[in-house]
Amino acid sequence: MTRATVARAVVALCVLLVSTFIALSTPPRLGLDLRGGTRLVVEARDTADVKVDRGVTDRTLEVLRNRVDALGVAEPVLTRSGENRIIVELPDVQDPREAAEVLGRTAQLTFHPVLGPADDVPQGESPPGDSPRGGKVLEDEQGRPLELGRAALTGAEVKDAEALLDTQGSAGWFVSLDFRGSGKGWAKLTGEAACHPPGDDRRRVAIVLDDEVVSSPGVDAEVRCGAGITGGATRITGSFDQQEARQLALLVKGGALPVPVEVVEQRTVGPTLGAAAIDASARAALLGTLLTALFVVAVYRFFGALAALALVAYGLISYAALVGLGVTLTLPGLAGFVLAIGMAVDANVLVFERAREEYQAAPPRRRSLRAALAAGFRNARSAIADSNVTTLLAAGLLFFFASGPVRGFGVTLAVGVLASMVSALVVARALAELCAGSRFLAARPRLNGVTLTGRLRERLLRWSPNLLRHPRRLLALSALVVVVAGAGVGLRGLELGVEFTGGRLTEYSTSRPVDVDTARRALADAGFANAEVNSSGDADISVRAPKLTDEEESRVRAALAEEGGEVTRVSDEMIGPSLGSELRKNALIALGVAVAGQLLYLAVRFRWSFAAGAVTAMVHDVVVLVGVFAWLGKPVDGVFLAALLTVIGYSVNDSVVVFDRVRELWGAARRKPLAPLANTAVLQTMPRTINTGMGATFILAALALLGGDTLADFALALLIGITVGSYSSIFTAVPLALRLEQRHGRPAPEPRRPKRTAPTLGGRAPVDNGARV
């Protein structure tokens, strides 16, 4: 046993112990669909200068979304209701009253020059209504009120705000402000104040929040008249404690509301999913995970069992990371988490398939189980690293450039990738190395699973098909599939969910108690399977559905009456989309930046032609998935968005693995044509592609069949995406790279069909291109 093996075993044990402690000691934060939360109704008010309309309400909604994000509430739901109301739903909020107070603050931040005592200011120099009125006013040392001039700056010119502790001075907690641009407005304001002598009240600057002076710092004596404080930064002091400083920074950073708002309603809402739906999803997840583990064991025998243990470790590590970071867990998020368990097997499959290759390629007398596994881990490292780096790059860009559920997906994706790497390269490798030296295992190929050729690899060796003989035909077929899928979007359109289009929120009171599961089944039987149903405050049942006409609303009432007796409509509101235009725009920008980042990384790490092939295959998969949902009339909602982002990550991952093998073979035989080497790379990686896809398919099939209506479309989208992604990584990405290399890169003639020869399981299979498959 080497020192490296011992070190990996110790690290793996420590990681598992820490993860177990976090998982057992930290309760999870559950989303609105699993636990419910708090619903606040916020109403925008007219002012003398601004009349509230739909546009003003939408801008107010975006400011409130920023505040909710700053509060640390993940996966909130914000929708416009009518012309002047906003519904804010917050999952797992510890203090709803504090959230209501923060959301209701107008946070109109302004910076004013101090004109001096009110009695000494000439009339007309400070117009009525311009100075703050009410709240805490500014006074001089004699207690006389000081008059403030016109607002020189507003909170819109503040770029960032952060609560900090002055550890070297006596200021205590303060709020650091960074202004947009060069801060010329701040320099001008402080430069004018510096023209007055030190100690003069007119040398101060009043910082006003909601008509209340929160701080009035004096300009330092070293600041010259007319020059002011440059650099675009300053800080607010005022005897703040930690909580006050953080709340002030939160309000300032969240932005100023265009109009005042008032919280007119606050209530507790139940989960949008009933207990039966959650239990069914949990059973499906457990069954799918068990089937995946059995599949891995059936293919890789003893070392497959070790990989299954590593999958359990992956689940523990990633769950501990999610709850430790305070990520809000929703049902689609948990489904994606379970799917990631199936996808995490990919790294183990890469290693074991490469170990099988290395074992068969070695001379019979020098074959060793330990050496084959060591070579498998060593040679699969680059493929694992490149595929995970591209995924982490996308996750990071989604986090920094997006917001809302797309940003949350970036966090979950990054956690899953890092946990997968730890489980495969540390936990699984430590277990494999500890058992690789066993003579008992080495002497029994059918038990260890690694020294077997494998049925799929054996058939590929015997057949040796030339899959890339006609790259133009393959590209034409891919283009035809894209056209047919795109026609579905053009001819049938997309059935957008309530998150994108808005809809109708109706609340009912029933004469007989009716639980959410019963109400959901009744509405599904009446033709409203996609409606969101939950309990809400004084009302018994709350129904949210897109495009609900008055006739359809009557059918909803009739369906509820069959279970709950007499039904009374408590409220009825038209609501806007929770994924508004600003959120959609940010998501598209983030996705575009992520794709560009992946393209650049792959071009640097591989070749520009390989990068173009991988990204084109990804676009192909996205168009096909969206088109199939359009043809089927399936809803495109937030759950579909999570599935689409997962498919994007899977597609790039799959293409990277294939191109990594192409790069390896081409680097070892630079004088040989690229096309036959690419075909060999496809044949060598095909067992990994199929086995990884099968591992995920077991979980998805269980979720589709047993997980209930909520997860059926999610699982269907991922099944389509994985199938299409497995195809495009071979028959779209590689042929396109070959055509680009033929036209603009190194000449690559059409591959010749390898001679069909009977392979020998004990040695290297002879093929006419000199590479092994």
So do the side chains of [X] and [Y] get within less than 4.5 Å of each other, counting heavy atoms only?
X    : Y    : result
I86  : V88  : yes
S509 : V567 : no
P546 : R504 : no
R85  : V264 : yes
L632 : K634 : yes
R521 : E563 : no
V533 : L523 : yes
R80  : I575 : no

Let's go through V622 and V647 carefully: what are the C-alpha distance in whole Å and the side-chain angles of both, what is the deciding distance for side-chain contact (heavy atoms from CB on, under 4.5 Å) to 0.1 Å, and is it a yes or a no?
CA-CA 8 Å; V622 169; V647 168; 5.6 Å; no
Checking E507 against S571 for the side-chain hydrogen bond (donor to acceptor under 3.5 Å, both in side chains) test, could you report, in this order, the C-alpha distance in whole Å, the side-chain angles of both residues, the deciding distance, and whether it holds?
CA-CA 5 Å; E507 297 179 338; S571 66; 3.0 Å; yes
Let me confirm one number: the [atom1]-[atom2] distance from [X] to [Y], rounded to the nearest 0.5 Å.
X    : Y    : atom1 : atom2 : answer
T79  : M574 : OG1   : CE    : 11.5 Å
L164 : W173 : CG    : CH2   : 7.5 Å
D46  : D53  : CG    : CG    : 9.0 Å
T26  : L322 : OG1   : CG    : 12.0 Å
L505 : E532 : CG    : CD    : 9.5 Å
T20  : L24  : OG1   : CG    : 6.5 Å

Would V626 and V636 count as a side-chain contact (heavy atoms from CB on, under 4.5 Å) here? Give the steps.
CA-CA 8 Å; V626 174; V636 175; 5.7 Å; no
Minimum-distance pair of heavy atoms, taken over all atoms of [X] and [Y]:
X    : Y    : answer
V514 : G564 : CB-CA, 4.5 Å
V652 : Q598 : CG2-OE1, 3.7 Å
F629 : D713 : CZ-O, 3.5 Å
A161 : V175 : CB-CG1, 4.2 Å
I722 : A696 : CD1-CB, 3.6 Å
V52  : E83  : CG1-O, 4.0 Å

Ring centre gap for F714 and F640 strictly below 6.0 Å
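No: the rings miss the under 6.0 Å criterion.
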Salt bridge or not for D550 and R555, using N-O below 4.0 Å?
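No, no charged N to carboxylate O under 4.0 Å.
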May I ask you to decide if [Y]'s main-chain N or O and [X]'s side chain share a donor-acceptor pair within less than 3.5 Å?
X    : Y    : value
S420 : G416 : no
T510 : P513 : no
D572 : T506 : no
R39  : E89  : no

Restricting to side chain to side chain donor-acceptor pair (under 3.5 Å), what partner residues turn up for E553, sequence neighbours left out?
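With neighbours one apart ignored, the set is Y508, R557, R569.
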Holding to side chain to side chain donor-acceptor pair (under 3.5 Å), I want the full list of residues that pass it with S81, two or more places apart in sequence or in another chain.
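For S81 the side chain to side chain donor-acceptor pair (under 3.5 Å) partners, ignoring immediate neighbours, are E573.
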Please report the C-alpha distance between E262 and R45 in whole Å, then the side-chain angles of each, then the deciding distance to 0.1 Å, and finally whether the salt bridge (charged side-chain N to carboxylate O under 4.0 Å, His left out) criterion is met.
CA-CA 8 Å; E262 180 182 352; R45 305 289 191 182; 2.4 Å; yes
Decide yes or no on side-chain contact (heavy atoms from CB on, under 4.5 Å) for L78 and I87, but give the supporting numbers first.
CA-CA 6 Å; L78 287 85; I87 298 174; over 6 Å; no
Answer with yes or no whether the side chains of D621 and S651 bring together a donor and an acceptor at under 3.5 Å.
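The answer is yes; a qualifying pair exists.
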With side-chain contact (heavy atoms from CB on, under 4.5 Å) as the criterion, how do V417 and V415 come out once you've worked through the C-alpha distance, each side chain's angles and the decisive distance to 0.1 Å?
CA-CA 6 Å; V417 169; V415 169; over 6 Å; no
